[in-house]
Amino acid sequence: MKSMQKLAIFASGNGTNAQRIIEYFFGHPDISINLVVTNNSDAYVLTRAANMGIPALIFDKSAFNEGTTITNILLNKGIDYIILAGFLCLIPANLLSAFSGRILNIHPALLPKFGGKGMYGQKVHEAVIAAHETESGITIHHVNEYYDEGKIIFNAKCPVAADDSIETLAKKVHELEYRFYPEVIEQVIMRTLKPELGK
Ligand code: GAR
């Protein structure tokens with residue numbers, strides 16, 4: 001395996017996680033962020049990517065879901081891993097098989113609860129509060145053909161207070177995301193790259 005592992009971050013919106021991941025891997029000896037990919041030409045993640053000098057690719061949904069154009073672009077750029085960070089679309093089969101075991105996602109709740117189609121961002125926190133949960137958190141998992149159902153790699157929890165709003169809960173969950181997602185990405189990749197580092 002070549003040593004420098006190239007990552008593409010897929011994001012549909014604000015991109016605070018994408019920014020955090022890009023910052024974390026600046027100057028890393030083995031891992032680089034080479035591309036930001038989005039389905040949304042208005043996504044603020046594009047401004048963040050431009051500010052940090054990371055190239056971006058905006059795709060149209062039909063090109064993403066039909067044919068192999070996006071997969072081929074990623075393979076031609078030598079991308080090794082796909083990191084989903086607030087990405088709304090389901091990953092099509094050809095992309096999944098080209099990057100088998102090398103696509104990670106973060107979900108802003110404790111899966112398998114509060115996952116699935118349409119469970120995205122604020123809607124997840126709204127559902128957690130409506131269900132009177134006393135804890136929430138983050139789940140980092142491998143991606144398969146279903147929304148939020150791939151093998152779980154890591155989770156971290158935070159309390160949900162009786163007076164938490166969507167905004168205050170989102171803030172707690174975002175803090176966990178910023179703290180753990182870059183590190184977990186690094187661990188998953190480095191264990192594959194250098195198995196002697198162990199489990
Ligand atoms: C994050 O909280 C991420 O976990 C969530 O969207 C937010 C994106 O925020 N992802 C999902 O809900 C996926 N189902 P960001 O754009 O500021 O990183």
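For ligands, and for the atoms within them, numbers begin at 1 and follow the listed sequence. Position 1 is the first residue of the sequence; numbering continues from there.
Considering backbone and side-chain N/O atoms, Gly15 comes within less than 3.5 Å of an N/O atom of ligand 1. Taking only nitrogen or oxygen atoms, main chain and side chain alike, His107 reaches within less than 3.5 Å of ligand 1. Considering backbone and side-chain atoms alike, Ala85 places every N or O at 3.5 Å or more from each N or O of ligand 1.
The part of Glu177 lying near ligand 1 is the side chain, judged by heavy-atom distances below 4.0 Å.
Of all atoms in ligand 1, listed by their number and element, those nearer than 4.0 Å to a heavy atom of Thr16 are 15 (P), 16 (O), 17 (O), 18 (O). Here is the list of ligand 1 atoms found below 4.0 Å of a heavy atom in Gly121: 11 (C), 12 (O). If you number the atoms of ligand 1 from 1 as listed, the ones under 4.0 Å from a heavy atom of Asn14 come out as 16 (O), 17 (O). Annotation for ligand 1: atoms under 4.0 Å from non-hydrogen atoms of Ile106 are 4 (O), 10 (N), 13 (C). Within ligand 1, the atoms closer than 4.0 Å to a non-hydrogen atom of Gly86 are 6 (O), 8 (C), 10 (N), numbered from 1 in the order shown. For ligand 1, the atoms sitting less than 4.0 Å from at least one non-hydrogen atom of Met119 are 12 (O), 14 (N), numbered in the order shown with element in parentheses.
Ionic pairing of Arg20 and Glu177 is not present here: no N-O contact between side-chain nitrogen and carboxylate oxygen is shorter than 4.0 angstrom. A salt bridge is absent between Lys117 and Asp148; no separation between the charged side-chain nitrogens and carboxylate oxygens falls under 4.0 Å.
Taking every heavy atom of both residues into account, Ser136 and Pro108 meet most closely at OG-O, 4.1 Å.
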As a quick check of understanding, evaluate side-chain hydrogen bond (donor to acceptor under 3.5 Å, both in side chains) for Glu23 and Gln19, giving each step before the final call.
CA-CA 6 Å; Glu23 285 168 356; Gln19 175 158 348; 2.9 Å; yes

Quick one: do Glu167 and Lys171 satisfy salt bridge (Lys or Arg N to Asp or Glu O under 4.0 Å)? Show the steps, please.
CA-CA 6 Å; Glu167 291 70 28; Lys171 185 167 183 291; over 6 Å; no

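Note on ring orientation: taking the six-membered ring where Trp is involved, the planes of Phe59 and Phe10 are tilted (angle from 30° to 60°).
Side-chain contact annotation: Asn94 with Thr71, donor-acceptor N/O pair under 3.5 Å present.
Between Tyr81 and Phe99, the ring center distance fails the sub-6.0 Å criterion.
Heavy-atom proximity to atom 5 (C) of ligand 1, evaluated over Ala18, Pro108, Ser12, is greatest for Pro108.
Atom 9 (O) of ligand 1 has as its closest protein heavy atom His174 NE2, 3.4 Å.
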